[in-house]
Each structure stands twice: as structure tokens, then as C-alpha cells.
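Structure, as C-alpha cells:
Side chains included, hydrogens not; waters and symmetry mates left out as well; all remaining heavy atoms used. Order of appearance sets the numbers: ligands from 1, and atoms from 1 within every ligand.
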Amino acid sequence: MRTAVNLSIADHLAEGPKTPREIAELVKADAGHLTRVLRFLATREVFREDEDGKFHLTTAAGLLRKDSPLPMASIVGLLTDEMYWLPAGKLEDTVRKGTTAFPDIFGSPLFDYLAEHEERGRVFHTALDDLSATENGGVVAAYDWPEQGVVTDIGGGQGGLLRAVLTANKGMDGILFDHESVVREHRLDLPELAGRWSTQAGSFFDTVPQGADLYLLKRIIHDWNDADAVRILRACRKSMAEGGRVLVIDTVVPLGNDPHPSKLSDIAMMIVFDGKERTEAELRALFAEADLKLNRIIPTTGSVAIVEAIAA
Ligand SMILES: C[S@@+](CC[C@H](N)C(=O)[O-])C[C@H]1O[C@@H](n2cnc3c(N)ncnc32)[C@H](O)[C@@H]1O
């Protein structure tokens, strides 16, 4: 997948099917080797070969185009980056020691590393913003947002979720909170949102914006071990307005043996972040330690659910 993305194969097939030789000439690659990669990807419905040996775009392959409205190329780039596969190669050590190998390999935990390496930070945050773009509509549609009030997106990245919430709820104002290096790349500057948002830089281990009605934590709590997750929840609990709510937006691991996206993503969290996907019972326990109470779990059309907590 990474090779197909880096060689822009999907972009080259946008105008019609081509033989591997034609593609190889365009992208300066070896036609025989390229054929074998495309033949394998076709078994996963990424590209399709016809009887004349020409390869076509499929729905999945179309998402790898640079101009796709739901761009997946950046996500393929991140999940196949050495930031993921080098620690994945140390899974046995990780399981033995009970903590990620990331800092041993890269010199510091992932988020510190991203702040220190601007280009890697851009790879991570752009991919997360693109991934969020596939989920934000479902999150906004699933929740009964208040007519007015302040919503703070904690660790909100480049602001895709906040942008979607404010666009759908004209009476609400918003604060985007994340590291300085992240909020300065925000994508909130839309004319229709003028005057309704601000950004605040900082670490959620020190403080979070005071007095908001809603604290969004999307794909945040799963990045951290229990002790750190409780610190983040406590910071929100301490700062929230009376009657405020905390919305943890993560996948919730179901009981039983059936496949579920959370069970794979959980392994990625273990490998890269020292984090975890959690069951409902595990989330209840975290909230209790932060003087919060799980109120309800609202499914969305995507793999994440909205887990709403109120003051205990
Ligand atoms: C997995 S990303 C999720 C981003 C966004 N909420 C989303 O769903 O796309 C985690 C975010 O937490 C931010 N983050 C990590 N450590 C942080 C800290 N100590 N304080 C504030 N933000 C932090 C990262 O910069 C990143 O934007």
C-alpha cells in the first residue's frame, strides 16, 4: 500500500486503466515487480486487473488519489511509517515489559518526538486530521449538542472535529487546545466561524481551558496508560462549568471473541503510545478515579463511540 501511494499509482489510473508497463514507465519503476505488487493488492480489492492485463481503480484504490474527497493516502503513510513498524517489531519486548518500545527506539515518547521533529509531526497530524474527517460527521450527527455554550476540544489536533461541531451548532463557541506546534497549523479559519473560536496551547497534564460546558477528548484517552488517562480526566473535571460534561470519543472494546476494529487498534496503541482501547467497565473505573460518572454511551456510524461522563 505504501509503495502504491508513494508511486502515485491511483493518480496515474484516474484517467483510465493502464498496463503495469505503461504505469512503470510513468513512475520510473520495474514493470515486473510492479505487476506483482498490483496483483497482490487486487486480492484486497485495491486495484483490479482485467483480461487484457490492464489495472483499474476500484472504490478503495480511488481513496488513495491525492484529490480524493476522503483522502486515505496520508493514513496509509502514517500506519506504514517506521514510527509504527519499528516498535511493532518489538512487540515481544513490549508484552514482556508491559510498556512501549517507542522511546528506546526514537529517544523520546511519541508526542515529544513529534514536537521535536517538525516533518514527522506533520505526517502524524495530517493523517489524524484526514482520519478524523471520515468520523467527524458521524460524531456530530450522533450527539444532542446544547443550543449554546462553550465546547473545548482537548488534544483537538488541527481542529477538524471542532470545525464540524461549530458549523452544525451556530449558538456554540469553541476552544481548540493542543501543543503549540499543533494548534498553529489549525484549520479553523473559515469565514462562517469568525469570532466563535480561539486556540489555546498547552499540555493537558498541566491545565486545560477553564469553565467550558463540554470537553471533547477524541482519540486521546486511548493514547495513555491508566494513570495518565486519569490525570487528563481529572484536569477536565476540575475545570468544567457546573453541569459540564466530558465526552470521551474512542472505540469501546466489546466483550466476546468477535472481531472488532478496537481489538486491532488496541495493539497499535500498545505498540506506539503505551495506551489502550478500553471496555465499558474499564472506562467506568477511570471516570470514577477522576470524580466523574459514565452517563451513557452513544454509538456513531464510525468505529468510535461517544462516552459521556458527568460529575460524580
Ligand atoms: C491521536 S491524536 C488525536 C487528535 C484529534 N483529537 C483527532 O481525533 O483527530 C492525539 C492528540 O493529542 C495531542 N497531545 C498529545 N499530548 C498532549 C498534551 N500533553 N497536551 C495537549 N495535547 C496533547 C497531540 O498533539 C494530538 O493532536
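Note that the NZ atom of K18 and the CG atom of L57 stand 9.5 Å from one another [nearest 0.5 Å].
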Can you produce the list of protein nitrogen or oxygen atoms under 3.5 Å from a nitrogen or oxygen of ligand 1, alongside each distance?
unit_1   : atom_1 : unit_2 : atom_2 : d
ligand 1 : 6 (N)  : G155   : O      : 2.8
ligand 1 : 6 (N)  : K218   : O      : 2.8
ligand 1 : 8 (O)  : S132   : OG     : 3.3
ligand 1 : 8 (O)  : K218   : O      : 3.3
ligand 1 : 8 (O)  : K218   : NZ     : 2.9
ligand 1 : 9 (O)  : S132   : OG     : 2.5
ligand 1 : 16 (N) : H179   : NE2    : 3.4
ligand 1 : 19 (N) : S203   : OG     : 3.0
ligand 1 : 20 (N) : F204   : N      : 2.9
ligand 1 : 25 (O) : D178   : OD1    : 2.7
ligand 1 : 27 (O) : D178   : OD2    : 2.7

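Checked against S198 for a side chain to side chain contact (heavy atoms under 4.5 Å, CB included), the options D173, L188, I175, V150 give a single hit: I175. Of the candidates L34, I9, L38, F55 forms a side chain to side chain contact (heavy atoms under 4.5 Å, CB included) with just one, namely L38.
Within 6.0 Å of the CG atom in D50, the count of heavy atoms belonging to other residues, nucleotides or ligands exceeds 12. Shown here is H33, whose NE2 atom has no more than 12 heavy atoms of other residues, nucleotides or ligands within 6.0 Å. No more than 12 heavy-atom neighbours from other residues, nucleotides or ligands sit within 6.0 angstrom of CD on E147.
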